[in-house]
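Lettering follows sequence order; numbering is per chain, from 1.
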Amino acid sequence: MVVKGNHDFKVSREQLWIYLMDPIVLAKITPGVSRLEIIGEDKFKSVSEIKIGPVKASFTGKLKVVDKDQPASFVIKMEQLSRIGNAHVSVQMNIEEKEGGIAALAFDGKADLSGVIARTGQRVLSGVANVITREVFSALEKHIEENKQTVESEESIQSMKTIKPPELEDPIDPAINSIG
Amino acid sequence: MANKISVTVNGKQYTGEVESRTLLSDYLREDLSLTGTHIGCDTSSCGACTIHIDGKAVKSCTMLAVQADGCEVTTVEGLATNGNLHPMQESFKEEHGLQCGFCTPGMMMTATDFLKTNPNPSEQEIREALEGNFCRCTGYHNIVRSIQLAAKKMSEAV
Amino acid sequence: MIPNSFDYKKATSVDEAISLLGDDVQILGGGHSLIPTLKLRLNAPGTLVDISKIESLKVIRDNENSITIGGGATHASIAADAALSEHAPMMTQAAKEIGDIQVRNFGTIGGSMAHADPAADWPAVLLACDANVVIQGKGGKREVDIDQFFKGFYETALADGEIITAVRIPKMASNRHSVYVKFKQPASRFAIVGCAVGIEMEGGVVKSARIGMTGVGESAYRAMNVEKALVGQALTAESIEAAVKNVTEGAEVMSDHYASQKYRTHLAHVYVKRALKMLM
Amino acid sequence: MTKYIGKSVKRVEDKRFITGQGKYTDDIKMPGMVYAYILRSPYAHATVNSINIDAAKSAEGVVAIYTGADIPEAIAGVPCGWQVNFKNGDIMKEPPHPLLVRKKVRHVGDGVAIIIADTRANAKDASELVDVDYDLHDAVTDPKAAAQPGAPLVHADAPNNIAFDWQLGNPKEEVAAALASAAHVTELDFVNQRMIPNAMEPRSAIGHYDTAYDKYTLYTSTQNPHLTRLLMCAFVLGLPEHKVRVVGPDVGGGFGSKIFHYIEEALVVWCSKQIELPIKWTCDRSEAFLTDAHGRDHVTNAKMGFDADGKIVALQANTFANMGAYLSTFAPAVPTYLHGTLLQGLYTTPKINVDVTATFTHTNAVDAYRGAGRPEATFLLERLIDLAALEMEMDPTELRFKNFIPAFDGVEQEGYVTQVALQYDSGNYAPVLTRALEMVGYEAFREEQKNQKGDKLLGIGFSTYVEACGIAPSAVVGALGARAGLFESAQVRVQPTGKVSVYTGSHSHGQGHETTFAQVVADRMGIPLEDVEIIHGDSDSVAFGMGTYGSRSLAVGGSAIVKSIDKVLEKGAKIAAHLLEASTDDLDYAEGKWTVKGTDKSVGFGDVSLTAYVPHNYPEGLEPGLDFSSFYDPANFTYPFGAHVAIVEIDKETGFTKLKRFIAVDDVGNVINPMIVDGQIHGGLAQGIGQAMLEGAIYDETGQLINGSYMDYCMPRADDFPSFEVDRTVTPCPHNPLGVKGAGEAGCIGSTPAVVNAVIDALWKGGHKVKDVKMPMTPERVWTAMQG
């Protein structure tokens, strides 16, 4: 399943980068993900409940952010496992600066599906991809809207940049390195 | 969760308990040992499991057993009456409408319901009526002939 | 092919059904959309509330200016209804084309609408018929214009805890004409493109038009720009050709291994054209 | 003396099927039976790091769970029954196909664990609690791509994924030279896509180890129970064959996919021994899609050269054949000895070379599917010759007539020796095409086509074929790599009252053996059909059998029965002679009685059979009883042939293609039951046309079967077809006693290219000179072809 899309946000490239590096934001915008638990630097465990059309299932998975080139691009790798099939996702995220303080986010990637969803879902996969794409952008848009005030000063941007991941409660799952 | 149900199958009343998730096809095959109803797919496509509920054809794999509570069910085992083959059964034999026999019960159950609403169908109408029933052996050629013959027999009998 | 475990509750009235709805509860109507997903375990609700035994939901009633179809009416009963055949012939025509004999005998219009499959027949037809949807929930009854009902990909205006109790189809005046045509995916027999057209003629030209498209986008939609372009025109090969140009505008045209986006877009044009020509 | 032979006798087996009394494997219930669910890999290529069954083990109703690690190393897996060597003489690569994967999964559907529980539901529920940790690897699914350097490897010990390479025919240089000097060369690249057999009965197996008798029973949906027993006992589980009973009860269609010995059969038997309970496994359709051996899947480049007169001068065929992840029972034979050897077709082509590379891919195994190799060969030849006719602006039928091998009956004239290792038994090719053209009304059709206007394109396509049936001659197949003899056995047991029980190794699963064989027996013995019972499918009652495949049942199994009948009648004559006080030489046998020539003195079959079992007055030195077994191993294959014609109509706007007419004239030798033969042809046509227009497995680049259900894989339905128009000519087989050739696969072999050729013809006549439209020819593909 190909996932592809682009959208302009009325924030600077740096601001958008900071949002996207925030696990809380990532959790908000990743379709179906209800929370991300940090399990290492740029590595998260995700818990999600996906409901798309007639399909409803719980997924557990891992997400990691790699190949970071601040503030221009990064890659999200995700593995989502469920009873009805798994998704191995790799998405290239690019942020471009446009005139007028606009950041253009473009993503391009694919989700390799397996199991029952791969075997029976073909008919509607392009619809699923569209829904997911829209969800990402609208959630991000919403988040930006809600947080406009808090990131308006350069200072706050700087302060966010220095946020460190919280102390790990669980040891890092070695399997996380095997994603993608 | 267990549910009490009472169904009449081929004229005989059965009362028992079924799990909510038990499909009617499994109830017929496993609980009642009526194995003439076959299961050929898991997407409600092939029609091998077609039976009649209150006289209407339905894919018994797409109905819960508990939904049949209080219903009149007819399976292929109930198609013949008093030891006499139904005209549909006779016709399938006469026109070689079956080979391996697996799809045959479902075919006949669909066709008998179809002829109730369209007793004198064209060949094309018969072919379209079989949209929900797959056969891999016959190329449908003789199934169509069988249903044509059955239609003739049944209209003559009226 | 065994669903996950769930509880089963049979409702004997709409009120009872509504009272049984809640978290992790799904409605079982004819079951022909729901049970296949349960068998593959794509969906695993905790409880099913069976509304298929509620007699009041199965009624098709002939009113003065409309026909009310109960949400539990089967496709077969719609196909066989004399009043619909006379006053809304596209409904009976489309009903005969849904699924197969077995599916038509038990699948219901309400179930199909609530499921809102992007390639289902009813959504396009109901859009073209200018139907109204009667919905009942804990807060009482409400009526939703069909234009506001299909919201997106498997998405409807139906809120949690609500049931489609009926669809109201306006009777067609003698100057209205309608037709439903579809191009089927040969395996699933769902529409690759389904096109339902209802037009009102006056003085030899189109007074109004409603065109419902299914299978093309993420949900059924009205091809409004085609409708607009037709108004005031006589139906000729040329006017039709000119009007259908942007039939997929605004739709995210779907693509799969059987029909690419390009081909589906092409078919949408062909089928809306064919439907209109049938009404010439 | 043919009261039954040649007549459309209604089938004796029908009654149980039309009344719902048929007994298929899944219909069988045994006391104490438990149910198995097989957990399968969702990935095409991955390493299994760990399997955690703890939670599943304690789930409700679970009896036992086994993974690959639980199966003894000595049980290597299911074997391949046919060996093909590399061109350089090396033995083909034959990696083990384990019952359950230990370390690596190689296709989606590879078995990882078996969960056994008291109910199907509990087994399935528990399977969701098994936690398998995989490391994913890249996959390759295309047979040609698999052989390219750098492709992901399926098996470490098969470099470039090549299972074997192979060639047959005249030297390549000679063929190349002939092509170079040809007046016209037609070249075509095409894919003979992967098919999923889809017998309507999903596979099922019940394994039962009986501690009291120390005996194993396997009920299974198989086309050949004895072969399954042999392979399972000797090569998989190491069981004493005499302690193993294999039963193929009623079987809901096979089409090749139930020939093979599958891992699930051995698994339920092995597991049953561990837990000492009967275990049933029945697959869901989704599982069938993933694990029933698939068919076809060739990627081919072929060149056919013609002289200025239109005579074929040479053929070069290069094919990559997909084996899937493992070698299934007969897989290596399909693209080689069942494909390469048929590339002579019914033409006099003097130079032929066929070159086959068989590759492993991360897909389900590919093996025989209705026609097995012969449809691929016919497709290759018939696409090329029809395309050549278009390119050379010749009539496609004329081009064929020009190139047909002249008639030969195999008696007066020698059998025809091909360039590719076969000798055809008998053939008379022109009349089938002539008859087909009459039925079509060819000239009128061409007129109609010429004058067509409007929004449709009409096309006509032809296919003439010769195929090899009666896969049997043991010496021949042995030389070609078969690891078993492929004869057939039959026992004719006359009961004291004159009723006859016939035990045949040819299993029936739709073909109507219980009727056709009974017709042969009744006529040959001169007794009523009702007095004959055909028994098959149980290794405890039938002495031996090699099973049903390759359209061989009547030609091989039927001939074995005839041999036994001859023995019965020979001994019967001795008893009759004794009773009539005459010499056997003076007796005639007709209509169930022996008569002394020129007298009215006679004795009936029933009296003779009773005497055989109550030998109070009996020939001296003769053993009592009337019961004979025979093994028949024919001298050659049989070679049916035919001509198929398709007429299609293409919707110019959408590319939707409607099959308007289909005409098939087949010559399957002598016909015992015309009704049944026609039925076999019809069914074959539907599958062949299905391949052309509707069906085909699609794997994505990660190895997922993305149309693995009936919602996406298009099974042909009744309204996809017109009524078929069939007829036949009769050219008897000269080397078997019944003169029969075989009819099971003919329809499927001839029809596919006819339909594709019809579409190409329609496109050319409509001004779109495309060489090929990929199968299945979906509306979009046809539409796209018209856009160029």
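When the heavy atoms of residues 118-127 of chain A are compared with those of chain C, the residues falling under 4.5 Å are A/T120, A/Q122, A/R123, A/V124, A/S126, A/G127, listed by number. When the heavy atoms of residues 33-41 of chain C are compared with those of chain A, the residues falling under 4.5 Å are C/T37, C/L40, C/R41, listed by number. Using a 4.5 Å heavy-atom cut-off against chain A, the contacting residues of residues 100-117 of chain C are C/H115, C/D117. Within residues 157-165 of chain C, no residue has any heavy atom less than 4.5 Å from a heavy atom of chain A.
Between A/D8 and A/K98 there is a salt bridge, with a side-chain nitrogen of the basic residue lying less than 4.0 Å from a carboxylate oxygen of the acidic one. C/R210 has a carboxylate O that lies under 4.0 Å from a charged side-chain N of C/D147, or vice versa, which qualifies the two as a salt bridge. Salt bridge annotation for A/R13-A/E96: absent, with no cationic side-chain nitrogen under 4.0 angstrom from a carboxylate oxygen.
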Apply the test salt bridge (charged side-chain N to carboxylate O under 4.0 Å, His left out) to residues A/K28 and A/D22: give CA-CA distance (whole Å), side-chain angles for both, the deciding distance (0.1 Å), then the verdict.
CA-CA 10 Å; A/K28 264 193 194 171; A/D22 180 350; over 6 Å; no

Taking it one step at a time, do A/V89 and A/I76 satisfy side chain to side chain contact (heavy atoms under 4.5 Å, CB included)?
CA-CA 8 Å; A/V89 186; A/I76 287 183; over 6 Å; no

Assess whether salt bridge (charged side-chain N to carboxylate O under 4.0 Å, His left out) is satisfied between A/E141 and A/K10, documenting all intermediate values.
CA-CA 9 Å; A/E141 189 85 74; A/K10 284 186 195 139; over 6 Å; no

Passes salt bridge (charged side-chain N to carboxylate O under 4.0 Å, His left out), A/K110 versus A/D112? Steps please.
CA-CA 6 Å; A/K110 67 181 186 112; A/D112 291 336; 2.9 Å; yes

Would A/H7 and A/F9 count as a ring-ring contact (aromatic ring centres under 6.0 Å, His included) if you check the C-alpha gap in whole Å, the side-chain angles of each, and the deciding distance to 0.1 Å?
CA-CA 7 Å; A/H7 193 81; A/F9 296 93; 4.8 Å; yes

Working for side chain to side chain contact (heavy atoms under 4.5 Å, CB included), residues A/V25 and A/L140
CA-CA 8 Å; A/V25 180; A/L140 189 54; 4.1 Å; yes

Check the pair A/L20, A/I29 against side chain to side chain contact (heavy atoms under 4.5 Å, CB included), reporting the backbone distance first and the verdict last.
CA-CA 9 Å; A/L20 292 170; A/I29 68 167; 3.7 Å; yes

Determine, stepwise, if the pair A/D67 / A/K77 fulfils salt bridge (charged side-chain N to carboxylate O under 4.0 Å, His left out).
CA-CA 10 Å; A/D67 299 343; A/K77 298 226 178 222; over 6 Å; no

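Of the two parts of C/Y258, neither the backbone nor the side chain holds a non-hydrogen atom closer than 4.5 Å to a non-hydrogen atom of chain A.
Remark: side-chain polar atoms of C/N4 are not paired, donor with acceptor, to backbone N or O of C/A44 under 3.5 angstrom.
By the 6.0 Å contact criterion, NZ on A/K4 is open, its count of non-hydrogen atoms from other residues, nucleotides or ligands being 12 or less. Within a 6.0 Å sphere centred on NZ of C/K262, other residues, nucleotides and ligands contribute 12 heavy atoms or fewer.
In this model, no donor atom of one side chain and acceptor atom of the other lie less than 3.5 Å apart for A/E97 and A/S12. Looking only at atom types and distance, the side chain of A/N94 has a donor-acceptor partner in the side chain of A/Q92 under 3.5 Å away.
Between A/K45 and the options A/I38, A/I39, A/T60, a side chain to side chain contact (heavy atoms under 4.5 Å, CB included) holds for only A/I39.
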